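See below for the structure under consideration.
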Amino acid sequence: WQSGDLITVDTETLTLSTGYTPGSASIGTNYSGALGAKHYSTNTIRVSNLTRNVVIRSSGTTANAAGAAYIKNLVTNTTNFNVNYGEFRYLGADIWSGPYHLMGVGMTCGSISSSTIRGGYVGLVLYNSSCANTLTANNIYANSSAGIDVNNSRTMITLNDIYANGYGLVLEGGSTSNAVIANNIFGNTNSGIALFTANSNILSSNRSYANLQQGIDVGGQFNTVTSNTTYGNSQAGIMIYGGANNTHVANDSYNNRYGI
């Protein structure tokens, strides 16, 4: 990590004033900015670096602004769109100008890994395909409507930090056969994970905590929800509604307003 990098401590941001190797020592006072909340070692504390070498952004610095840019990927082969270590800022807006107006990064087929998508409206939209997409080890941060919105099939979403968005991760009604595995989803102002009548998806080994609604909302049918941990959510750890034939196994839910 380098001087000038923007880091998050849970959902709050600081800027490094010197280089730092994670795990080598304490950051100490080598940063600018201030934390407004207390972060206790007895709770979960997550520190992430949002800064990448290549930045793609709108001209303004206000999320959900008129004229905000967006990225629309139309490739039909997964190997033709591969993004690593990119940073996407202030993309997308809630202004109807066509079917892709909401998205920061819109993708039919491809893979995105080790990247940051932040400060937009919907950070990442996956739509209208059954490509074997992958989203791996990304920071999806502070997008005002949702971090990730999925309306397709056969996507692997794993090892991402999805935090301080509206919704964390949404699987829409057209979403089937997706796998959401081992993600950290926290501090979102709505639910951490929401399945809106989505069918035949797998949610496994995710941590969804400190969200202002549910940890996990499960609608739809034939979904498998297993070995997830939900805690510290303002409403239910897991909420099941409007669906049937879902499987829930070995989930751990505690310190929520309601368990399940």
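Every value quoted in this text rests on a predicted model; they were computed, and no experiment measured them.
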>> If the condition is side-chain hydrogen bond (donor to acceptor under 3.5 Å, both in side chains), which residues does Glu87 pass it with, not counting sequence neighbours?
In response: Arg89, Arg118
>> Please report the interatomic distance CD1(Ile240) to NE2(His248), rounded to the nearest 0.5 Å.
In response: 3.5 Å
> Quick one: does Asp252's side chain have a donor or acceptor within less than 3.5 Å of a partner on Thr229's backbone?
Replying inline: no
>> So, taking the atom named CG in Leu169 and the one named CD1 in Ile193, what distance separates them when rounded to the nearest 0.5 Å?
In response: 6.0 Å
> Do the side chain of Asn30 and the main chain of Thr18 share a donor and acceptor less than 3.5 angstrom apart?
Replying inline: no
> CG of Asp161 to OG1 of Thr11: how many Å apart, nearest 0.5 Å?
Replying inline: 12.5 Å
> Is a side-chain donor-acceptor pair under 3.5 Å present for Tyr231 with Arg207?
Replying inline: yes
> In Å and rounded to the nearest 0.5 Å, what is the CG to CD1 distance from Leu50 to Ile117?
Replying inline: 12.0 Å
>> I'd like to know if the side chain of Gln235 reaches the main chain of Leu212, judged simply by a donor and an acceptor atom lying under 3.5 Å from each other, with no hydrogens or angles considered.
In response: no
> Around atom CG of Asn77, are there more than 12 heavy atoms of other residues, nucleotides or ligands at under 6.0 Å?
Replying inline: yes
> Would you say the side chain of Asn184 lies within less than 4.5 Å of the side chain of Asn160, judging by non-hydrogen atoms?
Replying inline: no
> For residues Ser177 and Ser200, is any side-chain donor paired with an opposing acceptor at under 3.5 Å?
Replying inline: no
> Between Tyr167 and Phe196, what is the ring plane arrangement, given parallel below 30°, perpendicular above 60°, and tilted in between?
Replying inline: perpendicular
> Among side-chain atoms of Asn82 and Ser111, is any donor-acceptor pair under 3.5 angstrom?
Replying inline: yes
> Are the side chains of Leu126 and Asn151 in touch, meaning some heavy atoms are under 4.5 Å apart?
Replying inline: no
> With distance as the sole test, does Asn246 use its side chain to make a donor-acceptor pair with the main-chain N or O of Val218 at under 3.5 Å?
Replying inline: no
> Partners of Thr134 by side-chain hydrogen bond (donor to acceptor under 3.5 Å, both in side chains), sequence neighbours excluded?
Replying inline: none
> When you look at OH of Tyr85, are more than 12 heavy atoms from neighbouring residues, nucleotides or ligands closer to it than 6.0 Å?
Replying inline: no
